[in-house]
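In what follows, a single structure is set out as C-alpha cells and then discussed.
Ligands are counted one by one from 1 in listed order, and the atoms in each one are counted from 1 as well.
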Amino acid sequence: MPNYKTRISLATPTLHGDEQKFVQEAFDRNWVSAMGFNCEGIEAEMKAFLASGKYDSEPGNEGKEINVLSLSSGTAAIHMAVKLAGIKRGDLVFCSDMTFAATVNPISYEGGIQVFIDSESDTWNMDPKALEKAFKKYPKAKCVMLAHLYGTPSKLDEIRTLCEYYGAVLIEDAAESLSATYKGKQTGTFGNLSAISFNGNKIITASCGGMLISKDANQREKALNLATQAREKAPWYQHKEYGYNYRMSNVCAGIVRGQLRHLEQHRQKKEKIYRTYEEGLKGLPVKMNPYEKCSEPNFWLSCLTIDKELVYSKGGAGKEWIYSNIANGRSVKDISHEEARGIGPIELAAFLDAANIETRPIWKPMHLQPIFADCDYVTAGDNTDEDIFARGLCLPSDVKMTDEEQTFVIEQIRKYFDMCR
Ligand SMILES: *Cc1c(COP(=O)(O)O)cnc(C)c1O
C-alpha cells in the first residue's frame, strides 16, 4: 500500500506568527510568569468574542455579564466550575457519558458522584430524555455537566429547561466547541459556569491552558483566589481553605491572543474539511457526525459511523471485540489488517494507520470505564452512546491538511470498503 509522504494528523496546533508578537512582548517586558498583560488582554478579547452573537438579546441574560478567567488548563477550569457549583462529598452530578475523562474527573476531586447520562443520536450529546429520567430517579441532584462533543452544540434548549425546572446548576464543558453557536449564541454562554480549553489539539491553542466562564463576577473572584493558592487578605500568608496553582502564564496567554485572531479562519477550514468528507464519502455505508440545523458546530473533529448492518452482522468487530482489545491495552497500531478483517472502526483505523493516516476512536463512554464501574448510567432505552462508540471513528481534521491529503484519506476509506465487500 503506498504510504503518504508524511503522516496525516488528526489535529495539531496551527500557528500563524501573530502569536510571537505577544510572546515577544512578554519577554521584552520580562513578564513571563502567571498573571500579566497578556492574561488581561486575552480575557478582555475572549469576553468580547463570547458576547458577540445574540448573547445580550437572549431573555434572562440582559445585563448579565460574561466573566472569564484564564487558567492553566481546561481541566482546571472544569475543576473550578465544580467547586463553584458547590459540589461536595456525596453530591450527585449528571454527566455527559460519551466524553473525555477530563469532563468528569474533577467531580471526583471534590468527592462528588457521577451519574452518567446516555447520548442522543441527533448531536451525539447528552440525551434530554435520559436526563429527565435521571432527574426523576435522583431528584436531589443539583448539577449537570454537559459536554459539546467534537464541537457540536448539545440540545441546549431542552437541557436548560430541565435544569431550570429542577433547580440544577448547568456547567458546560465547551473545551471542544469554542466558536460553535446554538441559535446564534456562543456555546459556553448557556451554562451557569463553563469551561473552554486551549490544549494543543483544540481549535485554537495556548500550547496548554483553559478558561472559566461565569455569569457572576463574584464567582470569578472566588475562582481567581482558589487558583492562586487561596490566600486570605492578610499581611502574611493566611489560608482558610485548600488552594490550587491554576493560573495561566503570560507567555501562554500571548500565544492564544495571536490564535484568537485566526479562530474564525480555523472554524471555516474545519467546516470545509467536514463538507469535503461528507461529499467524498457519499455512497459508502457511513454517516458523518450529525448536528441540529439550529446550531453551527465548529467542526473541531470530523467523525464517521459505519452503518449498523455492517458492523453488527459482517463478522466484524462488534462491541465485544473492540472492548476486549482496548481492555487488554492493545493500541490500534498493534492490530494487523489481516487480524482485523471484519468491518468496524478499529479495523478501519488499523487500515488507515498502515497508510500513514492518524485517526482516533470515539470517546469510550464513561460508564464503561473501570474507574467509574460503581456509577449509575441512565439511558432512555437505547444505549445510544455504546452504539456510536462501537461504530464511530474520528478522521484527520487538521487545519493544515491540504486538499491533496484529504483526497488521499477519502480514497483510502473507499478502498477499505471496497476490500470488505
Ligand atoms: C480537551 C478536553 C478537556 C480538557 O482540557 P485540557 O485543557 O486538556 O485540560 C475537557 N473536556 C473535553 C471534552 C476535552 O476535549
Handout entry: F27: ring-ring contact (aromatic ring centres under 6.0 Å, His included) partners, not counting sequence neighbours
Key =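 If we apply the ring-ring contact (aromatic ring centres under 6.0 Å, His included) test to F27, skipping adjacent residues, there are no hits.
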
Practice task
Classify the ring geometry between Y150 and W124 as parallel (under 30°), tilted (30 to 60°) or perpendicular (over 60°).
Solution key: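 Perpendicular.
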
Exercise for the section: Name all residues meeting the side chain to side chain donor-acceptor pair (under 3.5 Å) criterion together with D91; count only those two or more places apart in sequence or in a different chain, and write none if there are none. Expected result: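 Side chain to side chain donor-acceptor pair (under 3.5 Å) list for D91, sorted by chain: empty.
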
Handout entry: Residues in contact with ligand 1, criterion: heavy atom under 4.0 Å
Key =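 Shell around ligand 1 (4.0 Å, heavy atoms): S73, G74, T75, I78, T99, F100, A102, T103, D173, A175, E176, S197, N199, K202, G209.
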
Exercise for the section: May I have all residue pairs that pass ring-ring contact (aromatic ring centres under 6.0 Å, His included) and include part of residues 71-90, sequence neighbours excluded? Expected result: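 Qualifying pairs, neighbours excluded: H79-Y109, H79-Y244, H79-Y246.
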
Exercise for the section: Taking only Lys NZ, Arg NE, NH1 and NH2, and the carboxylate oxygens of Asp or Glu, determine whether D403 and K272 approach each other closer than 4.0 Å. Expected result: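 A salt bridge is present here (some side-chain N lies under 4.0 Å from a carboxylate O).
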
Handout entry: Close side-chain approach of H266 and H262, heavy atoms under 4.5 Å
Key =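 Yes, close enough: below the 4.5 Å cut-off.
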
